[in-house]
Each structure stands twice: as C-alpha cells, then as structure tokens.
Amino acid sequence: MADREERRFAEVSRDSVKLMAESTGVELGDDLAALLAEDVCYRLREATQSSSQFMRHAKRRKLTVEDFNRALRWSNVEAICGYGAQDALPFRSVKEGELFFIEDRDINLVELALATNIPKGCAETMVRVNVSYLDGKGNLEPQGTVPTAVQSLSDDLLKYYQQITRAILGEDPHLMKVALLDLQSNSKIAALLPYFVYVISGVKSVSHDLEQLNRLLHMVKSLVQNPYLYLGSYVRSLVSSVMYCILEPLAASINPLNDHWTLRDYAALLLSHIFWTHGDLVSGLYHQILLSLQKVLSDPVRPLCSHYGAVVGLHALGWKAVERVLFPHLPAYWANLQAVLDDYSVSNAQVKADGHKVYGAILVAVERLLKMKALSLSQPTEGGSKWTPVPLPAMYCELYSFFGDSLAVRFSTGPGFGSYPPCTPSQLSDARKDPPGPTSNSETTRKMPQLTANLNISPRQDGIPRSRSSSSRSGQRSTGLSRDVFPKARFTSSQSGPPVFSFLIGGRQMGRHCQGRRPFQTTFAPTPPLSAIPPRAYAHKLPVIGRVGKPVRRWAYSHYSLHLPL
Amino acid sequence: MAAVQGGLVDASEEKDIKTEPSSDGCGNNDTNDARPLSTSPGSNAPGGNAKTSSGSTEEQQTLLAVLQFLKKNNLTESVEILRREAGLPEDSLDLKGSDSSGASSGGSAGGVDGVGVDASALLSRVTVSSSAGVQAPMKTSGEDQPDVNVVLSAYSQQGDPALYETYYSGLKRFIETVLDCHRAELSQVFYPLFVHMYLELVYNNHENEAKSFFEKFSGDQECYYEEDLRVLSSLTKKEHMRGNETLLDFRTSKFVLRISRDSYQLLKRHLQERQNNQIWNIIQEHLYIDIFDGMPRSKSQIDAMSGSLAGEAKRDANKSKVYYGLLKEPEIELPLDDEDEEAENEEGKPKKKKPKKDSMGSKSKKQDPNAPSQTRIPLPELKDSDKLDKIMYMKEATKRIRLGPETLPSICFYSFLNAYQGLTAVDLTDDSSLIAGGFADSTVRVWCVTPKKLRKVKSAADLNLIDKESDDVLERIMDEKTASESKILYGHSGPVYGISFSPDRNYLLSSSEDGTVRLWSLQTFTCLVGYKGHNYPVWDTQFSPHGYYFVSGGHDRVARLWATDHYQPLRMFAGHLADITCTRFHPNSNYVATGSSDRTIRLWDVLTGNCVRIFTGHKGPIHALAFSPNGKFLASGATDGRVLLWDIGHGLMIGELKGHTDTIYALRFSRDGEILASGSMDNTVRLWDSMKAFDDLETDDFTAATGHIHLQDNSQELLLGTYMSKSTPVIHLHFTRRNLLLAAGAYNP
C-alpha cells in the first residue's frame, strides 16, 4: 500500500497504524495493518466529506475542527477533544525517528482557574446598519472593511482609555512610561483594541510632530507585545500606520534639524517585530509590504527620506527581502543616487546629506545580505541553495563594484561575524592547498587590474574612518587580519594568511556547482552588464558615510544593522 | 413507516404521482377549517397499498410481487391477510407470479416512454421497501435506509471483469462515431454507465479492475460530476459500499435520461448487434430512459438540464397542474388617515390613490384562474391585529418605489459585529422591525432595529395586579424593566441553521443541528415548543406566509410540514436523494419548494403531499430559493454561483444568471417582482432585471411537445449592478415594504 502508484488522497500509512497499535499494546501483522490503514483512510475521507456540509451550512469557507467533530458524532464515532482552539497547531518533528507530532502542552488547571489575567470585556455581538448604496449608486470599488471602533464601552474601560491616551500623548515622560508598560501587560483591554488602533492611525495627522509620532509608535510596540491581545486583522491597520512613519515624507522632515531618520529606523524595527510575531494573522501581508516598499523605492519622484525608509524597511524584513527587492533594483537606483552625491553645489547640500544617509542604509542592508547568504550557504541542512538567483560571489562582485572597499571594510568588522560556523580543517586545507592554476591566475590579473588599483587608493584617499576599524583590529586579531586579507585575497593567487571566510565559501560553492575544482577567483570576473561601467566609477568616490559617521542613539542601533531576528 | 413511503417514492415515482391524489385523509379538510391538515402522509401508506387493487394492472403487479416475496419467505399469514384485503383470488398469485418471474427483461425500456416495468426489477424494488418495513415496523424512527444488502445485491450479476473496459470503450467508440446530432444525447449515457460499471466491479471484489477502470474513464465525465466522482473514487472495497449514502442514491433511484427516439434506436440497435449484454443490463436495471419524439437536443440544452444526482426529471414528473396564482386578499377597508395625508406633501396625494387601485383593486375582484381555491388548504382566520397590520402594509405599499433598471433600490447593510461564535442564519420580519440571528453557539438573538425596545410580558403574579379593563392594557402587560435592544434565546444544543419569523411577529422558529425545530414566543422570549422528528440536523425552516404552518428540511432528506399547535408533522415530503438544504413556502401557502444537495429542486403540494415539480440543472447543492411575488416563478441559487429561474406553471427552466463567484446564500425578489437580488459568499449583492428575464420568454416554446427551450446567455444584459459589501459575506436579503433592500451578514475580521 505504501508504494501506491498514485496518491489521490492523504493517506495513513501502514507503519503509522502499526505504531498506533503498538502504543496500545497490540501487535499487528502486515496484512492486517494494511487493511486497517486503508479502511482508516476511507473513513477519514468519508468523515471529511460529510463535515464539509456543516461548514457550508455555517456559511463559512474554513473547515473547522468543530465541523469535523460534528460529522464524527453523527456517524456515531466519538468526537476528538482538545483541538478546538482557533490557533494553528504547531507540528513538530523529531529527526531521529522521523516522527511528527503535535505539541501538546500540559496545562495547569489550578493556575488557569485562579488566573487573574483572563481577558475580559470581550465585545458583545451586535448589529449595526449602514447605508451602502443610495438608489443603487455608490462606490463600486471594493469597500474595505467595516469601520473599526464597534463597541460601546463600559465606563471603566472608557476611563482607562482616556487616561492611557492622555498619558501617552501628554507631557510627562514618566507617566508615559507607566502607561506604555500597562498597555503591554494589561489583560483586560481587548475591547479597547479598536480604539487604540484608531488612535494610532492618527499618525497621518501629526506628521509634523516627531515626538508624537514616536509616542504613537511606542504605543504600537506595547500593543504588539501584549500577550493577551489578539490583533487579528488590526495588524493590517497597525502595519499601515507604521509604514506611514517609515515611508512618508513626513512634514517633520522638512526641517533638517529634526531627526526623522531615527524615527524611521525605529518604525522599521517595529515593522519587523510585528511581522515576525503577528505576520501569520493576515495572509499575504509580507508580499503586500514588500510590494509597497518596492513601489516607493522605484519611484524616483519620492524624496530621499522615503527611499531611506524603504531601504531600512526592507532591511528590517530580513535579508531575503533585500535580496529579492533591493538587490535587483540597485543598478537602476544607483545611477540616481550617484547623481545626487556627485552634485557638490551648495543648494544641494541638504539633499546630498540625505543621499549619504540612503547610501549608508543600503550599505548596511547589502552587507547583511552578503553575510546571511554566506551563512545560509554554509548550512546545507537548510536547503538554502534552493533559491539563489545570484550566486554569492557574483553578488559580492556586483556589490563591490558599487561600494568598493567600504563594503569590505564593514564586512569583516561586524559582530555577526562571530556566528559564522568554524570551518573544518580539511576544508581549510582544501582551500589553501588549491592554488589557482596559471591560466586562471592570468585571467584574473587580466581582468581585475582596475579593481586592484582603486583598491589601493580608495581607503586612503577618501579617508574611511579607520579609527574604528583599527580599534576593532586590536581587539579581534583574527578578524582584523581577515579584513586586511580579504580584498587582497581576491587578487593575489595564494595567501599565507589565516582562512578567509569568503574564500572558503567560494570554494564550497564551486565544489557544489561546478565539475571539478576550479579556483574560485574565476567567478569574480565582472558580470557582463557590469563590465560596461567601470567599477572605479563608484568606489573611490564614496566614502563610508551614513550611520558610521554619526553614531545613532543608544540601544540596539549599533548592532541593529547586523542583528535582526531571522 | 417513513422508510416505506420514502422507498416507494424513490423507486416508483411515476406511479406515485398518478395514484396518490386519491389517497385518503386529505379530503375532509374543507369541512373542518379549524382542523389542521389531517394525518401524516406516512400513515396513509398502508391504506394506499390496500386500495391499489382497484388501480391499474401495474399496481396489481406490485401487489403480486409483494405477495410473492412474502410467500418466498414463508410468511403465509401475511400472504393471507394481504390477499384478503386486496381482494385477490387465491390462484392469481401463482399464475401471475410465474408470469412475472418468467418475463423477459427485454421489453421494459423499449416501451414507449419507458413506463413498462420489468417484473424482476419491480420485485427487487418492492423488496427494498417491504423488507425495510419488516425490519423496522416501529413507527418511531423517522427514516430508515433501505436494507443495504438488498440494494447492493443488484450488483451481484457478474460479467467478466476484464471485459468491462472493453465494453465501455466499445460503446465510447460507437458514440463518438455517430452523427453529431445524436452524439450529445447519447453521451449522457456515459456517466451513469460509468458509475454503475464501477460499482459492479467494486461490489464483486475486483478492486484492481475497478481502479484501472476508474483511472481510464473518469476523465471523460462531465466536469459537474466531479464532486460525485470524488466520493466514488474513494470507494474501492465492497465493505465500504454499505452505508455510503451516495451509493445508495445511485441504486435506489434510476438515473433518468431524456433521449430522442432516433438516438435511442441507434443505441439499442448497436447494443443488440454487439450482443453487449452487460451494458444493456445496466441500462435496463439502473437507467430510466425517457424517450421523446422530435429533434435530438443539443449539447448546451442537455448541459443546462443535467447535473443532478439522478439525472434529469422525467417529463411527466412536471406535468401535473400547479395552482401558482395568488389567493384573494381579504377585503379590508382602508381607513383614510388624515394625519398621514398631511404628512405627505401635496404631490404625494394623487400618486397614492392610483397604485392602490392597480395593485389591490384588480386582484381582489377577479379570481385568478391559476389560483387555488381559497379553501384548498385551511388557513387561519385573520385576527384584528392582523388586519391592522394589513392596513399598515397597504399604506406602506402606496409609498413603495417602483423599481426598474432605471430606478435601482438603495441598499442598507446590517453587519453583525463581533459574531465570533459564527452567524449561521438571519431573518427579518416582513415590516423590517426585528432582525434575528442564529448562531453556531446554539443561541438565537433577536434585535430591534427600530428605536422601540424589546420588552417581555410581566410575570403571572404581576399580570394579576394590572387593570384589565383599561384601554392601554396591551401596554401595561409589558415589563418595562426588561426593555433592551436585544434578547438572547437559549435552548438549542447545536448550531442554529435556520430561523424564520411568523408573519404576525409573535413567534420565531429556529432549526438546529440538534435535530429539533423550536418555536419561540416574542412576547415572553421563551421557548414554547420543540418539534422533534427530524432526528438529524435540520438545515432550514420557514413559516408559511399565512402563519400557522411551517416547513422544515434537513439531513434526513425529508421535508416536513408542521402546524404550530401539533407536535407531529402533518406531511412528510420524501423524495430527495440527499440533504434538504433550503425550504420555501409558495406565496399562496399551497406549495412548498425544497432545494437539496442532490442538486434538484422539488415543489410539493401541501394538500396532497405529492411532488409536483422536479427542477434539475444546478451543478451544486442549492442554498437559496425565492418565489416571485406573483407566484409564477421560482429563483434558485447554488454553490456553483449561478441563479436559475424557473417557470412553475410549465415546469421549465427559463433563465440562467451567471456572475457570482461563490455560493449564493440569499435570493429575494423586490416587492413587485421587478428586480431579483442575490447575495453571496463572494461579498457582493447583485441585482438582476427579472422583469426582462421573464418578459423575454417566448411562451410558444412551452407548448411545444418536447418542452425544451433554448436559453440564451444574457446574464450580462440582465445584471443591473454588482455591489460590494465591506468584506462581509451576504447571507440574507430582504426588501422592505417600500422596496429598500436590506442585506445582512457577519463581519468576521
């Protein structure tokens, strides 16, 4: 039965039946198990089919556990208890035994019974009427959803709502902190959620006031972190408010003194937080966000601060988003950015500064992209190589042509480096013992001279803040070395220095994809479209700017660029 | 008992329709108005059986077959009794018995219109029902499935399993090579043949042959049978055939095909030439071929009518007369209300008189020839409050907007918010003052949509205290303390799938998964009666437009007619082959329409309990029905997203409205019938020009002997508008008395 020619249905295998029998202490023969398995499958299908009519009559599209249980009950089979919850059940596997099971936590009934944090004030079912179309006329576009605030509140809740909003949007920072903390942990405010969401959607009306925007974003954070709130489709509304802060050319950003960059960074961080914790609540959210970010990025009319927002937004969504949206778009975008940065006129000073911001953001994003990609390639269990439109070395090469040495510098200093899994000695020796053949050597030297040349020049000339890297060098010897080595390693044939991680990756990559072992350098040949533009054009002109020059505030920012939960 | 009745109806439809009207128990209704429609039709089944001796020879044959069966099983006493009651001579059994058993199986379907009944087939049919009766003589069980063994034994005939594919592909090749005009008709044979051949293989334990047969030919079947094929494909073992409902349907009912005489002759000749007995046997055993004279039908004509579980309706199933006209409105003097006049502006006055004469005057004077007599079924007398309501209705009607393609209705949407428990049914009172929702958590909730609050009647002790002579006693009996915007009714123990207000707004009906229908008082907001009988989920229920009666239908495939003051059903309408998903009363209360998962719609006569119309053409379970206000037409909506229009008088499909992309859960005609509104799971309300749909009909077509009409595809012309809701599926529609369209649904984020 297991080797059925075609599988029309989900099937319970003979082995599963045997296992189940064993667990109840019955030993089954193969034939018997096969028969039973087939019968079980049939009964399951039958029950599923009859359960679908309960779904249809409940006027739903989603088949629930409840429907299935009803079908079982009507066919005189005992219902299955314990799966009534709405949440998706986590399906886990144990690798050793190829076992799959559903996690079944023990619940402390006493604790549950005495718990004080049981959400209260769940909204009452009610009917509301609205005139949709007058005389058959009206907006024939999709109508969106029912307006959010839908419940009459008890006095207590109303008071709470007033106090909280007043505290958060008021003057007293201490009060605000208390309010936010309570918002984060209060279990009885489910009924207020629509109201808070509505307040937060007011970002559009306070776009001139950075402080208020900031507070509203903090409010979002508190709501998102509250474990007792089920955000449901309000996620969409929250996301759109946060996206507003990330992407829109806020009124506050007209004044260059306003640090709206930090706001955007914070909002992006929040976006990633919402996405990673609640992204499953709304289907297609990820793609919607990506799409709107892409739209902003590819719109040259938008101001640079919007582009900045799009880049940090993409960055916040993870390296895959960067790879999918930012990376392919980079060549086109680069030309625009270059034009801005090349304009040294006084009137352009502000725009140019903005441009540098964007540059810095892109740099941080691609840096992480490279790092994570390298990491994913080094972990074959993940099957990360399934979707790799651009092989890593080519990607590096392309990015290098944009950023030049600044990329390399940053590359080797990030804290993310430490997490790179140590290579096995054999791999190391493999890579080292593998001196590029003479042909390839000549090939590289023939193709890369310009690159080498500007490499030598660029750091000195443009004054990359070396202080930073040198300090790190003293701290981490190996990384410092690798930083020095890295750019050179690509041009000199053999290296005596310690292993360079990108080198190894290149080697692995080759080993997997190519027949035989070819020296990895060959792949660094510039890709055809790029060869048209001499790499030198960008690299030496662009110093490392952006966040490096101006360390941003306090907490995670310093390593935020490199450490995002993935 | 119901099983016997059900079995008979299933198996020998054509017979029942002819003979049943004479059944007893219904004639005495006219004499006694206060009495409800006498006893349940189930109880008159034996009487009907006994009487049949005087009926046609066909009836006698049935009787003989029963006798034969009884004798075979050594039930000599029963034989005696039956024979005595039937008044048959003693020797008749032996004579006819040998005759019938020796009858060749050749002539049955060959007879004109296929009414000839094969004796052995008849025997097997009768044994189905009678053995069920023997097994379950208790009347308590509402329904019982025919004995599976008997049903399945029909498959025990064996051919060489290896040859089945050859047979089938041989026929396929033949049909593919016949003339184009016959091909479409003969292709109808494929599906039932395929199913029965497959089932035969499975029944005889040829699992592998069955599988390969399925693989090979399932792809050829029409796409609208996909659902059934899926059920079929999961069935590969004989043991599984027991208790599979779909399978029983195939066996207990003959698949009906309508084929022109020429095409049929072609098929017959081919099969006889080839000596293809296997296929010929199946055609005789399991198929009912309804032969007509005339041009063969085209593919599109066939496709329009097919798709149901058991093929098309037989032609004579839709022949009986249906009194679809409206009852005469009672004469009520409309008092001229001065203050109302004043409220109207000057312009309103002349308008007001005119439509009144149009609508009310003409109707009350002339008796519609198509209307049933006023007393055909006893209807409750109008109370004073009803008369007041009628007056209100007329007043409102004068202010009604005449709708049309130019003047579309305004739409209001009632959104159920925070209905996390799941909204499963909605109803509005006729005057649109109350709205009720049935929920998956077994509750029924009633809301008042006017500023007036809902109040309960005071307790008995408090009622004693009030002054009963005072003018405002009706006001005094209400308990002001209980006033609230909504009330919750607890009582069911399963999701509430259907609810319906009584026309006088005093009662509410709800049907639930727990197998009961409950009647609630809207004065005390308590449950008054629980009607038990279905024993399985009850999918829908509806009050008659005149109150008092109501109909319910559910998973047990039987629709029941009840009166509120009887705890047992007055009628049981059996015949559907799958769940009854929706039920509707005809505006004149004399008929009931039921839609089913077997993808047919049936119209039942309340007086006789007979099925008078069978409409086929839907390709999915039917979830919405609506009668046009003039009673002439029926609209139906199904999971396939199509609305079909039917002419009740002629028993024909007259229109197809395509546009919805998901199940249609709500259908409603505007008050004057100019507009049909449909609401669907796809979150839209669509308005259709029903006037045009009905007017464009060429009524000459109906009189043609074949009764096949050609449907033009004009959905786009008829569609007047598509209106999106706010991400809310539309599960109920209602036109107010002034033709404002109300839609309702639950917003579930």
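What you see below is based on every heavy atom in this structure, not just the backbone, and it leaves out hydrogens, waters and symmetry mates. Owing to the predicted nature of the structure, the values given are computational and were not obtained by experimental measurement.
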Student: Output the option from Pro495(B), Ser597(B), Gly721(B) having the highest count of non-hydrogen pairs under 4.5 Å with chain A.
Tutor: Pro495(B)
Student: Residues two or more places apart in sequence or in another chain: which of them pass side chain to side chain donor-acceptor pair (under 3.5 Å) with Ser484(B)?
Tutor: Lys487(B)
Student: Taking every heavy-atom pair that is under 4.5 Å apart, which of Asn683(B), Leu720(B), Leu403(B), Thr581(B) has the most such pairs with chain A?
Tutor: Thr581(B)
Student: Could you look at Thr639(B) and say if it's the side chain, the backbone, both or neither that has a heavy atom under 4.5 Å from chain A?
Tutor: side chain
Student: Considering heavy atoms only, which positions within residues 49-61 of chain A lie below 4.5 Å of chain B?
Tutor: Gln49(A), Gln53(A), Phe54(A), Arg56(A), His57(A), Ala58(A), Lys59(A), Arg60(A), Arg61(A)
Student: Give the minimum heavy-atom separation between Tyr42(A) and Leu235(B), together with the two atoms involved.
Tutor: OH-CD1, 3.2 Å
Student: Can you tell me if Glu485(B) has over 12 outside heavy atoms packed within less than 6.0 Å of its CD?
Tutor: no
Student: Just so I understand: if I count every heavy-atom pair under 4.5 Å between each of Trp539(B), Trp447(B), Phe416(B) and chain A, which residue has the most?
Tutor: Trp539(B)
Student: Would you please name every residue forming a side chain to side chain donor-acceptor pair (under 3.5 Å) with Ser552(B), sequence neighbours left out?
Tutor: His534(B), Trp562(B)
Student: Which one wins on heavy-atom pair count under 4.5 Å against chain A: Gly494(B), Gly422(B), Cys582(B), Pro621(B)?
Tutor: Pro621(B)
Student: Counting only heavy atoms not in Glu226(B) (residues, nucleotides, ligands), do more than 12 fall under 6.0 Å from its CD?
Tutor: no
Student: Apply side-chain contact (heavy atoms from CB on, under 4.5 Å) to Cys41(A) and list each qualifying residue two or more places apart in sequence or on a separate chain.
Tutor: Glu11(A), Val12(A), Arg45(A)
Student: Sort Pro537(B) into side chain, backbone, both or neither according to what part of it lies under 4.5 angstrom from a heavy atom of chain A.
Tutor: both
Student: Please look at Asp540(B) and chain A and tell me whether the side chain, the backbone, both or neither of the residue comes under 4.5 angstrom of a heavy atom of that chain.
Tutor: neither
Student: Please state whether the side chain, the backbone, both or neither of Pro409(B) comes within less than 4.5 Å of a heavy atom of chain A.
Tutor: backbone
Student: What part of Leu742(B) is in contact with chain A, defined as an atom under 4.5 angstrom from a non-hydrogen atom: side chain, backbone, both or neither?
Tutor: neither
Student: Where on Leu44(A) is there a heavy atom nearer than 4.5 Å to chain B: the side chain, the backbone, both, or neither?
Tutor: neither
Student: Would you give the length of the straight line joining atom CD of Glu66(A) to atom CD of Glu513(B), rounded to the nearest 0.5 angstrom?
Tutor: 8.0 Å
Student: Chain A heavy atoms under 4.5 Å from Tyr414(B): which part of the residue, side chain, backbone, both or neither?
Tutor: both
Student: Counting heavy atoms not belonging to Lys204(A), are there more than 12 under 6.0 Å from its NZ?
Tutor: yes
Student: Considering only heavy atoms and a distance below 4.5 Å, find which of Ile401(B), Asp662(B), Ile488(B) pairs most often with chain A.
Tutor: Asp662(B)
Student: Let me know if Ala419(B) has heavy atoms under 4.5 Å from chain A in its side chain, its backbone, both or neither.
Tutor: both
